[in-house]
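First listed ligand is number 1; within each ligand, the first listed atom is number 1. Everything quoted here is computed from the prediction, not taken from an experiment. All residue numbers refer to positions in the sequence shown, counting from 1.
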Amino acid sequence: MQQVQFVETVLRDANQSLIATRMPYEKFEPILETMDRAGYYAVECWGGATFDVCLRYLNEDPWERLRKIRAKMPNTKLQMLLRGQNILGYKHYPDDVVRRFVQHSVKNGIDIIRIFDALNDTDNLKVAVEETVKCGAVASGAISYTTSPVHTLENYVKLVKELAAMGVSTICIKDMAGIMGPKEAYDLVSAIKDAVDLPVDVHTHCTTGLAFMTYLKAVEAGADIIDTATPPFSGGTSQPSTDTLAYALRQLGYEVNLDDAVLKQVADYFKPVRDGFVADGTLMAKSLATDAQCLTYQVPGGMLSNLLSQLKSMNALDRLDEALAETPRVRKDLGYPPLVTPTSQMVGVQAVTNVLQGERYKKVSSEVRAYCRGEYGRTPAPIDPAVRRQILGDEKPLEGRYADTLEPLFEKTKAQLGDTARSDEDVLSYIAFPQLAEKFFADRQAREENMVRYTIEPM
Ligand code: CO
């Protein structure tokens, strides 16, 4: 009997896609010990935007969050999402930082590191994969899935073979936009299974409504693992429901080793949590809707909720359709990057800017400029020469691997921070998000001083 395993995403991707990662640790702490008994292949709980949002909005130490989850879930593999050479930030870091980040992620409790690059440039994956394997964790090599004239089955298979040669233990098809149809999933999983002898994990979103069909055909083609979310945090821009897929796959004769009673407790717990985010406006109705237009626009869940909040803050929600229509045009100009962090932000912000400025590429972010210089790696297709000239002028784009041009940063930063950083983890937080970390360190200090006063006074 073919077995299908599940990655539960409520703590990371579902949280990120539906409510821009705004769930604080206290909101899910009471259910972690229960989740530990569900029988998931893994719980995705860290990486992606969790690190940034913990520091930026939640006043939480992301490393402490990870250690607390680890302590409450001793029997479940914890998974994180790592943006290859970008680690958890939005730019490229030198190799010593990537290695340290991987080492400390594993040391603080991560078992599986899913590593992807927004451009599928293997030069941006190799150091993270190598270090993950060295640390004894599972390296999952992810394909950022997209469709374009250059994203052919042959090219994907070539990429998967490169990942296998690098030493990854599993392959993940990461369909962040939910645009992979059932036939594409069947063909791609079949081709990967023919090419390499590794478990295949399929990751998609419900955005376009394809997800259940896509998973079903992926499983028929031999997919071993699927990513799902507990029902209250499933659907819309998030993953399909764990409980529903467990039910359907069992009915079709697949072996699913999840504990239904535990799944129900998890779902019952998250219902009022979800309702709270609906009540305070964090979870918008649009994020829960099915939008088949995404099949044209290819806007991933997280990006759609970011676009919405960006337009909302500029009082321009009525320009959403224009911004969505501009997105694939910008993407084509930039050589068909898959839309995933950080390219999704670059393309999304550029599309909104183009629309609101009323003139294309009149204003360009420093990230898009760096992208055009080649600092994010090789683009799937060449950047439109006219657009590149408009953005770069006479400046020559870079040859070779950008990270090779970067000086080691960790020891230097550690020395520079001195006592402000209490651990190597603090140093890494600072390297990833300097201003946010600085503020967090100061707040932490103030909080502790207050606590000391408070505990001393009553005595
Ligand atoms: Co995702």
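Listing protein N, O or S atoms at distances below 2.8 Å from the Co ion (ligand 1), with waters left out, gives D13 OD2, H203 NE2, H205 NE2.
Side-chain polar atoms of T9 and D227 form no donor-acceptor pair below 3.5 angstrom.
Y215 has its ring centre no less than 6.0 Å from the ring centre of F212. Between Y376 and H92, the ring center distance clears the sub-6.0 Å criterion.
The backbone N or O of G48 lies less than 3.5 Å from a partner atom in the side chain of R83, making a donor-acceptor pair. Between the side chain of W46 and the backbone N or O of M80 there is no donor-acceptor pair closer than 3.5 Å.
Between R70 and D111 there is a side-chain heavy-atom pair separated by less than 4.5 Å.
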